[in-house]
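Before any comments, here is the structure.
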Amino acid sequence: MSQRVPGFETLAIHAGAQPDPATGARITPIYQTTSYVFNDTDHAASLFGLQAFGNIYTRIMNPTQAVLEERLAALEGGTAALAVASGHAAQLIVLHTLMSSGDNFVSARQLYGGSINQFGHSFKNFGWEVRWADAKDPDSFAGQIDDRTKAIFVESFANPAGFVTDIAALAKVAHDAGLPLIVDNTMATPYLLRPIEHGADIVVHSLTKFLGGHGNSMGGVIVDGGTFDWSASDKYPMLSRPREEYGGIVLHETFGNFGFAIACRVLGLRDLGPAIAPMNAFLILNGIETLPLRMQRHCDNALVVARHLTGHDKVDWVEYSGLPDHPNHALLQRYSPNGAGAVFTFGLKGGYEAGVRFVEGLEIVSHLANIGDTRTLVIHPASTTHRQLTDEQREAAGAGNNVVRLSIGIENAPDIIADIDQALAKA
Amino acid sequence: MNHDAYCNEHIAGILNSVRTIAVVGASANVARPSYFVAKYLIAKGYTVHPVNPGQAGNEILGRPVYASLADLPEPVDMVDVFRGSDAVPGVTDAILAMEPLPKVVWMQLTVRHDESAARLEERGITVVMNRCPKIEYARLSGEIGWNGVNSSVLSSRRPELRSGYQSFGIRR
Ligand SMILES: Cc1ncc(COP(=O)(O)O)c(C=O)c1O
């Protein structure tokens, strides 16, 4: 009597998407509407009181967005998800649901530069303190935890260097302290790695990257693993205490193992407001249908390019965990045997100046501040994404002055290499 | 009967066959899950009889509340148990004294008592444990996806529309 479990490729196409009930449209329509007619006042009251499932207002939910959410919950092996306007919005809403002024969270310092800014600067204004730890050393997190600590945050593959995090080891540190582990899985995607299977409780993504995959839409998502007991302590009052504005219901008790995702929606998204545009949800859904094919090609191309650069005389070093002699290769084999993703860094012997000449000399590869496009992308982090950090923070984040970051696309690999070679010749 | 996992067809079959449901432990407090569930089941067309000795004689959701299963005014197809696992043996005694017996006994999320389940099953009653009929209804109909919850159901078939906006039924 057990239920057949569909494969990842099938979920990527079907999860969450029944034919449109009104028209039979097979592709999820773009529900470009702000609001939804109630049947009567009792129906409205049930929706507002969280007593019925359904749509009220697109700041809180939308039918196109809902398909995207269910798709991502299925792909990550979670119980529920909430899609929002960007990856940064996802991080904001997760921490808003867990933290109050005076609380802290411990984060790996190996992070996307924008997240280092968000955590270290903007969150400080809310009275949320970030404490940095070293993703290479799970014990360095334990030492930072005190009774006001609310969560641990890491990236699965850290941007920009692609460092692979030992998620199971960090889940143990978090759970031993009664805390949830939050993993930003943007760089790996659930095709390569599903953090919840390794003990993560919450997964966030910038959908702007590989999930959308075509460089056309901003988006973010929060996936609830359904694993954490929010009522085991008094640390998470948004989940474990009655909510006045919803007639006194307790969200964890009422919604059980998807209570965290509901809390993020009906408290965080409702009040902070970063809703995803229905059009963007639609475009990202289209991207996700081909994620398994694209992601494998991204990985295969990246490995070919990384190998080529390793032997190049202008190149000092290549940091790609897909290369067998990389110190992280064993962790990669354990967590992501299908590949090491598309993003990696290399160092130019000519330093900062060579980095600038290289990015300016490329013809096909695009110089821009993004990753996870079908196109191959390049950036010199020291002069762009990681510019606002100190030299010390840049080094710690793997974004020193001679570092170039590539996000390898799904073009013809020899064409990518040819463009890189001609630009290196000028660097 | 394996109570660790139920297949979708089994649960859908139950929810599409029962019509009358006694909710044991129904709360008059609008913030309690038992109130939510009863309200949802009524909206889906089930006849719901609240059972709660503390509220006997009062009304919940416009329905008279009964002190015990023995007081119900008509036979019911299903008993939905909103009591802690340790109260289940006593509720089981009361169910087995009903005449006629219900076809289904459903124990809510977190409620499980294997010994009682075996006693009920011996008498031909179908038992579901540690599940919520509202969540299962919303999951199998597709409604739960509107709030981003993973239904674990894939389908290329037409959703079953009920009357009014935003109401799905469970496909047969
Ligand atoms: C790993 C990672 N997390 C989060 C973000 C932030 O996402 P967004 O730009 O969608 O806000 C990014 C963006 O570059 C990223 O690379």
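A note on names: the letters A, B, ... follow the listed sequences, proteins ahead of strands, and every chain is numbered from 1.
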> Which value, rounded to the nearest 0.5 Å, describes the distance between B:S156 atom OG and A:I13 atom CD1?
Replying inline: 12.5 Å

> So with a 6.0 Å cut-off around CD of B:E99, is the heavy-atom count from everything else above 12?
Replying inline: no

>> Any non-hydrogen side-chain atom of A:F53 less than 4.5 Å from a side-chain atom of B:K134?
In response: yes

>> Set out, in order, the CA-CA distance, both residues' side-chain angles and the distance that settles side-chain contact (heavy atoms from CB on, under 4.5 Å) for A:F258 and B:I144, then state yes or no.
In response: CA-CA 11 Å; A:F258 53 89; B:I144 208 163; 4.1 Å; yes

>> If I measure from the heavy atoms of chain A, does B:L109 come under 4.5 Å with its side chain, its backbone, both, or neither?
In response: neither

>> For A:I262, which atoms come within 4.5 Å of any heavy atom of chain B: side chain, backbone, both, or neither?
In response: side chain

> Is it the side chain or the backbone of A:T254 that comes within 4.5 Å of chain B heavy atoms, both, or neither?
Replying inline: both

>> Using a 4.5 Å heavy-atom cutoff, which residues in residues 24-37 of chain A come close to chain B?
In response: A:R26, A:Y36, A:V37

>> So which residue, A:A66, A:G247, A:P242, ends up with the most heavy-atom pairs under 4.5 Å with chain B?
In response: A:A66

> For A:E253 and B:R32, what are the C-alpha separation, side-chain angles and deciding distance, and is it a side-chain contact (heavy atoms from CB on, under 4.5 Å)?
Replying inline: CA-CA 9 Å; A:E253 178 189 50; B:R32 302 299 302 159; 2.9 Å; yes

> Is it the backbone or the side chain of A:A22 that comes under 4.5 Å from a heavy atom of chain B, or both, or neither?
Replying inline: neither

> Using a cut-off of under 4.5 Å for heavy-atom pairs, which of A:L50, A:L11, A:L72 has the most such pairs with chain B?
Replying inline: A:L50

> Among A:N257, A:N62, A:D42, A:V223, which residue forms the greatest number of heavy-atom pairs with chain B at distances under 4.5 Å?
Replying inline: A:D42

> So, does B:N147 use its side chain to make a donor-acceptor pair with the main chain of A:G54 at under 3.5 Å?
Replying inline: yes

> Quick check: does any side chain N or O of B:N150 sit under 3.5 Å from a backbone N or O of A:A80, one acting as donor and the other as acceptor?
Replying inline: no

> What are the two closest heavy atoms between A:P19 and B:S155, and how far apart are they?
Replying inline: CD-O, 3.8 Å

> Do you know which of A:G16, A:S46, A:G49 has the most heavy-atom pairs with chain B at a distance under 4.5 angstrom?
Replying inline: A:S46

> Quick one: NE2 on A:H43 to OG on B:S167, what's the gap to the nearest 0.5 Å?
Replying inline: 7.5 Å

> Under a 4.5 Å cut-off applied to non-hydrogen side-chain atoms, are B:F168 and A:P21 in contact?
Replying inline: yes

> Do you know which of A:Q65, A:R243, A:R265 has the most heavy-atom pairs with chain B at a distance under 4.5 angstrom?
Replying inline: A:R265

> Testing B:R171, B:R157, B:R158 for side chain to side chain contact (heavy atoms under 4.5 Å, CB included) with A:Q18, which one passes?
Replying inline: B:R171

>> For A:Y57, I'd like to know if atom OH has over 12 heavy atoms of other residues, nucleotides or ligands within 6.0 Å.
In response: no

> So which part of B:S141 gets closer than 4.5 Å to some heavy atom of chain A, the side chain, the backbone, both or neither?
Replying inline: backbone

> Which answer fits A:A15, side chain, backbone, both or neither, if we ask what part of it has an atom under 4.5 Å from a heavy atom of chain B?
Replying inline: both

> Which bit of B:T110 comes within less than 4.5 Å of chain A, counting heavy atoms only: side chain, backbone, both or neither?
Replying inline: neither

> Any idea which of A:R71, A:H14, A:Q51, A:E69 has the most non-hydrogen atom pairs under 4.5 angstrom with chain B?
Replying inline: A:Q51

>> Can you tell me which portion of B:P33 sits under 4.5 Å from chain A's heavy atoms? Options are side chain, backbone, both or neither.
In response: side chain

>> Using side-chain contact (heavy atoms from CB on, under 4.5 Å), reason through B:L154 and A:T10 one step at a time and then give a plain yes or no.
In response: CA-CA 9 Å; B:L154 306 186; A:T10 307; 3.9 Å; yes

> Could you go step by step and tell me if B:Q166 and A:N55 meet the side-chain contact (heavy atoms from CB on, under 4.5 Å) rule?
Replying inline: CA-CA 8 Å; B:Q166 302 202 52; A:N55 300 288; 3.4 Å; yes

>> Heavy-atom count check: over 12 atoms from other residues, nucleotides or ligands less than 6.0 Å from A:R270 CZ?
In response: yes

> What part of B:Y40 gets closer than 4.5 Å to chain A, counting heavy atoms only: side chain, backbone, both or neither?
Replying inline: side chain

>> Using a 3.5 Å distance criterion without hydrogens, assess whether the side chain of B:K39 forms a donor-acceptor pair with backbone atoms of A:A52.
In response: no

